[in-house]
Amino acid sequence: MDLLEKQLKALADKNRLTLLACMKNGEVCVCEFVEVLGISQPAVSQQLKKLKDAGIILERKEGTWKYYRIADQLSPVVEAVINELKTNEGGNTCSC
């Protein structure tokens with residue numbers, strides 16, 4: 001599958017767009033995503049895996065926790081979508 005096609009499919013989901021909005025201001029722990037989306041940790045992990053497999057986000061493990069951030073190198077199309085995502089006035093969509 002073409003990389004751009006894979007990335008566009010990864011972006012075509014409200015939950016994944018919400019996750020990306022959380023990451024616009026930096027690295028976020030997976031525990032924060034569970035609260036934001038109101039779904040189980042395994043379901044959050046599935047959403048994050050699709051973004052990671054598409055090369056949109058990067059993962060870092062520290063102890064038992066995983067932290068995610070938006071990749072440094074993205075296609076202009078993916079960057080444009082992420083730039084359109086809104087964050088809360090506090091600077092982050094995530095609440096914890």
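The structure presented is a predicted model; accordingly, all values stated were derived computationally and were not measured.
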Taking every heavy atom of Ala10 against every heavy atom of Arg16, the minimum-distance pair comes out as O-NE, 2.6 Å
Worksheet item: Under a 4.5 Å cut-off applied to non-hydrogen side-chain atoms, are Leu11 and Leu20 in contact?
Response: yes
Glu79 and Leu74 have their tightest heavy-atom pair at OE2-O, 3.4 Å
Rounded to the nearest 0.5 Å, the OG1 atom of Thr18 sits from the CE atom of Met23 at a distance of 10.0 Å
Under 3.5 Å, is there a donor-acceptor pair between the side chain of Lys24 and the main chain of Ile82? yes
Between Ala21 and Leu85 the two heavy atoms that sit nearest each other are N-CD1, 3.8 Å
Item to complete: For side-chain contact (heavy atoms from CB on, under 4.5 Å), just list the numbers for Leu17 and Asp13, CA-CA rounded to whole Å, side-chain angles, deciding distance to a tenth of an Å, and then say yes or no.
Response: CA-CA 6 Å; Leu17 292 174; Asp13 180 87; over 6 Å; no
**Request:** Please lay out, stage by stage, how Val36 and Cys22 fare under the test side-chain contact (heavy atoms from CB on, under 4.5 Å).
**Result:** CA-CA 9 Å; Val36 168; Cys22 284; 4.0 Å; yes
task: Could you check Ile57 against Arg69 for side-chain contact (heavy atoms from CB on, under 4.5 Å), going step by step and ending with a plain yes or no?
output: CA-CA 5 Å; Ile57 64 171; Arg69 65 180 175 89; over 6 Å; no
Inset, instruction - Decide yes or no on side-chain contact (heavy atoms from CB on, under 4.5 Å) for Leu8 and Val81, but give the supporting numbers first. - result: CA-CA 10 Å; Leu8 291 173; Val81 170; 5.5 Å; no
When Glu32, Lys52, Glu59, Glu27 are each screened for side-chain hydrogen bond (donor to acceptor under 3.5 Å, both in side chains) with Tyr68, the one that passes is Glu59
Minimum side-chain heavy-atom gap Ser75-Leu4 below 4.5 Å: yes
